[in-house]
Protein chains: 2
Amino acid sequence: MKKITIGRLSKAANVKVTTIRYYESIELMGKAERSESGQRLYDDSSIQRLSFIRHARDLGFAVDDIRELIELQTQSGSNCKAVDEIARSHLSSVRQRIRQLGSLETELERMVSNCKGNDIGTCQIMKSLNDHSACLSEAHDRIKPM
Amino acid sequence: MKKITIGRLSKAANVKVTTIRYYESIELMGKAERSESGQRLYDDSSIQRLSFIRHARDLGFAVDDIRELIELQTQSGSNCKAVDEIARSHLSSVRQRIRQLGSLETELERMVSNCKGNDIGTCQIMKSLNDHSACLSEAHDRIKPM
DNA sequence: CTTGCTTCTACAGTCGCTGTAGACTGTAGG
DNA sequence: CCTACAGTCTACAGCGACTGTAGAAGCAAG
């Protein structure tokens, strides 16, 4: 079995070296074999697994979800209801986030389009921010950083 | 001048007590006056400022942006080009994020709609995740947590 | 006086990495 | 062989914007 170093795995799966080590530390990737000198050694199955993880991350799945997906994958024979549930739930949170950002977008557009480049005292953007009544719907979660 | 405690300020501006203290620690809010026993005391101007911050956060502005907006607001007489720029730049990052999430949504929809609830071996979702060719556009930033 | 809420400080945890420091290993060229 | 230089190692701090915790002290009402 051909073994590769972490750098080659990194290129093969398009995941940074530091990230691979991080995945090992949080036990998302198993502990790697080591060479005599202590360097990590991987094989094709590591590339497979890491690629799976990367695809799932690209789709926005949380690390815990991915852990569960991997768990489910090894239990062959089980049906994929659980997988479906994870995916659907993720999809719904993506949609919720899109709606949330959509209303931000509308609000920001309104503010920006009203701005005439006048002095700060009459600036519509500042007015909007200072105006208590100009706020979005009363109770919603704070926006996550971009 | 009527002074209020942190709890009342919290209710007045709809910002949690811990968050107010956090804002003080990062110098987004100035240092509060203290009572003899050491409790923070605020007045109407604190409510004003905290409400401003809250509105800006609700609109997704980063703390650093807000710091700058406050700075600009005090320099009365300056025009609002800088304010406009901050808002426009924020709007464009909101739009970018929406586009990003939109393509995630499409991809997830495709995956979920293909799932027939069969066993894990034939599950389309797992297939998609394992399929190297099923990935989104080659180079894009990793998705932020929801 | 007691009960129970509010406030205080200081620090750890969230999420998914990224960056840094300082040391060691492996490889290619001369 | 020696010297570069790239790759790898560990351990830990930092990001952003908070949130949660522990343990102590203050405050208001009954």
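Convention: sequence-line order gives letters A, B, ...; per-chain numbering from 1. As the structure is a computational prediction, the values presented were derived from the model and not from experiment.
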Mark up nucleotides 3-9 of chain C, 5' to 3', with B wherever a protein heavy atom is under 4.0 angstrom from a base atom, S wherever such an atom reaches only the sugar-phosphate, and - elsewhere. ----SBB

B:S35 side-chain N/O to D:dG26 phosphate OP1/OP2 under 4.0 Å: no

Between D:dA17 (P) and B:L28 (CG): distance, integer Å: 10 Å

Could you go through the salt bridge (Lys or Arg N to Asp or Glu O under 4.0 Å) check for A:R110 and A:E107 one step at a time? CA-CA 5 Å; A:R110 206 177 53 71; A:E107 191 68 16; 2.9 Å; yes

Are the side chains of B:R40 and B:K31 in contact, using a 4.5 Å heavy-atom criterion? no

Looking only at the side chain of B:Y22 (C-beta and beyond, no hydrogens), which of the listed nucleotides D:dC18, C:dT18, C:dC17 gets closest? D:dC18

Distance, rounded to the nearest Å, where A:I66 contributes CD1 and C:dC15 contributes P: 13 Å

Would you kindly give the CZ-to-C1' distance between A:R67 and C:dG16, to the nearest whole Å? 12 Å

We want to know whether B:R97 and B:Q100 form a side-chain donor-acceptor pair, criterion being a heavy-atom distance below 3.5 angstrom. yes

Do A:D44 and A:I47 come within less than 4.5 Å of each other through their side chains, counting heavy atoms only? yes

Separation of D:dG7 C1' from A:K3 NZ (nearest whole Å): 20 Å

Provide, to the nearest angstrom, the distance between the CD1 atom belonging to A:I4 and the C1' atom belonging to D:dT8. 14 Å

A:K16 NZ to D:dG7 C1', straight-line distance once rounded to whole Å: 16 Å

Rounded to whole Å, CG of A:D58 lies from C1' of C:dG16 at a distance of 13 Å

Answer whether the closest heavy-atom distance between the side chains of A:L59 and B:M111 falls below 4.5 Å. yes

Are A:F52 and A:Q73 close enough that some pair of their side-chain heavy atoms sits under 4.5 Å apart? yes

Atom-to-atom span, CD1 of A:I20 to P of C:dC17 - whole angstrom: 12 Å

